[in-house]
Amino acid sequence: MGHGKIGVSDFALTVSAAIRAQMGIRRISNREIAKLIDRGATYVNSRIKDENEWALGDIEKLCELWNMTPCELIESVNTEQSRAAETLNKLKRGDLDIAAYEDEHKYDGDGDEPA
C-alpha cells in the first residue's frame, strides 16, 4: 500500500487563484486572511502557495466576508482567465493593434527616451 502524497487538484488551484485575486483586489495580506478565518499564518501561506487545498469552511467564510457566493468566487477567476485568453487570441489573429508597437515616432528625439 503506497503512501504517496496526494497533489493539489486542478479545481483547488482554481479556487486558490480566485482567493489570491480577491486578496489583491481587496489588498488583504496572508496574515489578515489568517485572522479573518481563525487560522494560523503557516496554514494560510501553504494554501496561498498551492501546497495544500483550502478547506470548504475556509472558502465559505471568505465568501461571506466578501459578500459573494462560492460560484461567484470561482467565476471571477475563470472570467479573468477567459478575458486574458481571448485578448491573446485577438493579438495572434491580428485583431488588435497596439499603438506603441506601430508608432513610427516612438523614439523621435535624442534616442534615450520615447518622444
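Just so it is clear, the values below take in all heavy atoms, side chains as well, and ignore hydrogens, waters and symmetry mates.
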Within 6.0 Å of CZ in R26, more than 12 heavy atoms from elsewhere: yes

Return yes if some donor-acceptor pair links the side-chain N/O of R20 with the main-chain N/O of I48 below 3.5 Å, else return no. yes

Atom CD1 of I33 and atom CG of N45: how far apart are they, to the nearest 0.5 Å? 11.5 Å

CD1 on I19 to OG1 on T14, rounded to 0.5 Å: 11.0 Å

Is it the case that atom CG in L56 sees more than 12 heavy atoms from other parts of the structure closer than 6.0 Å? no

Any idea which heavy atoms bring E72 and N67 closest together, and the distance? OE1-O, 4.4 Å

Closest non-hydrogen atom pair, D38 against K61: OD2-NZ, 4.3 Å

Working to the nearest 0.5 angstrom, can you tell me the gap between E75 CD and T69 OG1? 7.0 Å

Any idea which heavy atoms bring D58 and R39 closest together, and the distance? OD1-NE, 3.1 Å

Minimum-distance pair of heavy atoms, taken over all atoms of S76 and A18: OG-CB, 4.2 Å

Could you measure the distance from the CD1 atom of I37 to the CG atom of L62? Nearest 0.5 Å is fine. 5.5 Å

Quick one: does S16's side chain have a donor or acceptor within less than 3.5 Å of a partner on R47's backbone? yes

Distance, nearest 0.5 Å, that separates CH2 of W66 from CG of L36: 8.5 Å

Which pair of heavy atoms, one from I59 and one from V15, lies closest together, and at what distance? CD1-CG1, 3.6 Å

Using atom types as modelled and distance alone, determine if a side-chain donor or acceptor of Q22 lies under 3.5 Å from a backbone N or O of L73. no

